[in-house]
2 protein chains.
Amino acid sequence: MRAKHITIKDLSRILNVSVSTISRAFNDKSDIRKETRKLVLQKAMELGYRPNPMARNLQKQISKNIGIIVPELIGSFFPLVISGMEEVFSMKGYQMLILSSYESFEKELERIKTLEDSMVDGIIISLSRETKNVDVLNQLIQTGIPLVTFNRTNPDIKAPRIIFDDYKWALLATEHLIIEGCNNIYHFALPFHLSISKRRIEGFKKAMTKYCKHCNDLQIIESGISLEDGRKTMQILIEQSIVPDGIFASSDRLAIGAIQVLKENGYKVPEDCRVMGFSESTLATIIEPQLSTVTQPTKEMGKKTAEMMIRLLESEVALEPETIKLNGKIKVRQSTRV
Amino acid sequence: MRAKHITIKDLSRILNVSVSTISRAFNDKSDIRKETRKLVLQKAMELGYRPNPMARNLQKQISKNIGIIVPELIGSFFPLVISGMEEVFSMKGYQMLILSSYESFEKELERIKTLEDSMVDGIIISLSRETKNVDVLNQLIQTGIPLVTFNRTNPDIKAPRIIFDDYKWALLATEHLIIEGCNNIYHFALPFHLSISKRRIEGFKKAMTKYCKHCNDLQIIESGISLEDGRKTMQILIEQSIVPDGIFASSDRLAIGAIQVLKENGYKVPEDCRVMGFSESTLATIIEPQLSTVTQPTKEMGKKTAEMMIRLLESEVALEPETIKLNGKIKVRQSTRV
DNA sequence: ATTTTTTTCGGAAACGTTACCGAAAATTGG
DNA sequence: CCAATTTTCGGTAACGTTTCCGAAAAAAAT
């Protein structure tokens, strides 16, 4: 039923040259005459010949596939990162197998197994929120398969990581709140065990002590990642009659949840409490007041990650795991400025 | 450098059986003794043998890859659809190659070519906003490669389509506005040449005439797809001193743009103008007032699309292109109810 | 016990490439 | 003009499976 594909052998028969010369013509080998190459390529074009990638990959013992595991496909962040990866991988002739761990450690392991089975040339991963044990990843590296982590990563993994300079920008974000006049600032943090969370907490603390602001651990609350998590955290604070004059949330979704609850309880943003988000999302300009946040070069992160993978793939020797830190920008909107 | 993979030949040597029996053991063939199968499988497990997919695919002349082309990866819609597809494809051992056309016709053609080159077993596509000519797709079908379209499709394509019952739900959405008391309703439409747009317009018209409401073509405005497009359309209306008492927007983003501009100009939603969106997005509950909209089983659409592809793949004979219409639900929030 | 049937297996040829090893042809050097 | 070199090419064996064909072994029938 399917139209038969023309192969290198067909070409060989038609052109009366050996299959090896045809292969040579397509692979820019040196030991072929320019005229014969032109002849072959021309005829190939004419007959619509396309090299069969499966055969080539079998012979070369590669798959030209890169496995990508992300915690989720919803939200704007990961799709945008992936979109950045696509740009560089498609240029280099690689294809992406995109899998979601759905924020579950168990599923994450499953996905890794799947990718191993399908013999991808490399694996790119951003950890699920549940992932604490990274032994499997390190075993993976042991077997020789290139691994790159991004955004949600873990210092114990002996692989390159591409991350935002969370420490620096958390510091600057907090500083922004302080300069705007906040004294009693709370930090809504991501799950503590995520390194991304730790780095932002450090930045927050540093800013607070730098300006001699009161800062104890009660002001740093492990909230989660969703909008609902942000709501809950805020609700608990209000029930305890605690209303900060500034909130630095570790994600836009947490920040928006906080704003919603503040407003529902009659507090005004930014007058009563200024709120700062992190990692720009499309939601930031929809909420009222519009959310100040730290924008991140999300697509850039995808590109850098993909480029790192290409480097691993093309290098003969094992590279020392490198950490690339990307810079953001503070986007001031109405939620922090009266 | 890379750890050598154990092959069927290694197993053959170790177990002292032929390669064909091993292959038989793994493929549930009938002509093999239960004990030998068990023996083989056990040893394979022990040595961590995994069939090489490239070799298998070359032999079977398939790739176990499905190409997927979507207009964009940002926004919640397409990632969610893809997430639905993933569920069924990963069950069936297929992998997805996800490519984005970035809403560009030219890029779309490029992507199709890429997928042909990589010899995917089937192609799933949702058209870019620019796509009017679908000859390439029909040629593709001619060559025998299974094609399934979803959401943004085109009646000229001779392939199955999985769509929402846009006509019906546009009708019901408009009806909802009418029942809530609107008389002068405007429809912010997607680009007219998209069939999805046409169907919703028909639904809108039908509802208006059914209730004997005044409805001329000026009330149906080709707006675009983005939030910015929604803002522009609303702005133009207001500049003409036209303020409808109801707006049915063909996407949540258009609706939110409209709401923003209405509010900026001192109009109240829903008191002065009720606004109805279409195709639930995460933005709907962030905007104030929260947006009434037509929710769609987005993930379900992905599943159904993938299942249709599997059917094409597994069927020997060519199937008559079928159209599957999915139902939605009207979600009433504050933007349409006082 | 011999023939017939069925079950179980091994050998070898595919699948479409690339890679290696020579050999023929063309070029150079003396 | 012949030898030495270089360029260009063909033949063939991989890569790791599956599939087909036929043969051996086991079971059933006579």
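As a basis for the values below, the full set of heavy atoms in this structure was taken, side chains included, without hydrogen atoms, waters or symmetry mates.
For B:T21, counting side-chain heavy atoms from C-beta on, the closest listed nucleotide (D:dG10, C:dG10, D:dT17) is C:dG10. For A:Q59, the side-chain atoms get nearest to D:dC15 when compared with the rest of D:dC15, D:dT19, C:dC9. Among the nucleotides C:dC9, C:dA19, D:dT17, the one closest to the side chain of A:S20 is C:dA19.
In this structure, B:N27 atom CG and D:dT17 atom P are separated by 11 Å, rounded to whole Å. Nucleotide C:dT17 holds its P atom 17 Å from the CG atom of B:N52, rounded to whole Å. For the pair A:I8 CD1 and D:dG10 P, the interatomic distance rounds to 12 Å; values are reported in whole Å. Taking atom NZ of A:K9 as the reference point, atom C1' of C:dT17 lies 9 Å away to the nearest angstrom. Rounded to whole Å, atom C1' of D:dG22 lies 13 Å from atom CG of B:D31. Put simply, CZ on B:R33 is 14 Å from C1' on C:dG10, counting in whole angstrom units. The distance from atom CG of B:N57 to atom C1' of C:dC15 is 11 Å, rounded to the nearest whole Å. The CZ-P distance, from A:F26 to C:dG16, rounds to 15 Å in whole Å.
Along DNA chain C, the nucleotide nearest to B:L58 and the one nearest to B:S18 differ in position, and the one closer to the 5' end is contacted by B:S18. Between B:K60 and B:V17, the residue anchored closer to the 5' end of DNA chain C is B:V17, taking for each the nucleotide with the nearest heavy atom.
Of the side-chain N and O atoms in A:Q61, one or more sit less than 4.0 angstrom from OP1 or OP2 of D:dG16. When the side-chain nitrogen and oxygen atoms of A:S23 are compared with OP1 and OP2 of C:dT17, none of them lie within a distance under 4.0 Å. Remark: A:K29 is not in phosphate contact with C:dT18, judged by side-chain N or O atoms under 4.0 Å from OP1 or OP2. A:R24 has no side-chain polar atom (N or O) that falls below the 4.0 Å cut-off from OP1 or OP2 of C:dT18. Contact check, A:T7 against C:dG16: no side-chain N or O comes under 4.0 Å of OP1 or OP2.
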**OP:** Determine, stepwise, if the pair B:Q296 / B:L326 fulfils side chain to side chain contact (heavy atoms under 4.5 Å, CB included).
**Re:** CA-CA 8 Å; B:Q296 300 173 322; B:L326 299 177; over 6 Å; no

Subject >> salt bridge (Lys or Arg N to Asp or Glu O under 4.0 Å) between B:R111 and B:E108, intermediate numbers included >> reply: CA-CA 5 Å; B:R111 302 314 188 206; B:E108 190 172 275; over 6 Å; no

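No engagement by A:P53 is indicated, since no non-hydrogen atom pair under 4.0 Å with the nucleic acid exists.
You won't find any donor-acceptor pair under 3.5 Å spanning the side chain of B:R50 and the base of D:dG16, going by distance alone.
A salt bridge links B:E300 to B:K304: one of the charged nitrogens lies within less than 4.0 Å of a carboxylate oxygen. Classification of A:E110 and A:K113 as a salt-bridged pair fails, no side-chain N sitting under 4.0 Å from a carboxylate O. Using a 4.0 Å cut-off between charged side-chain N and carboxylate O, A:R129 and A:E72 make no salt bridge.
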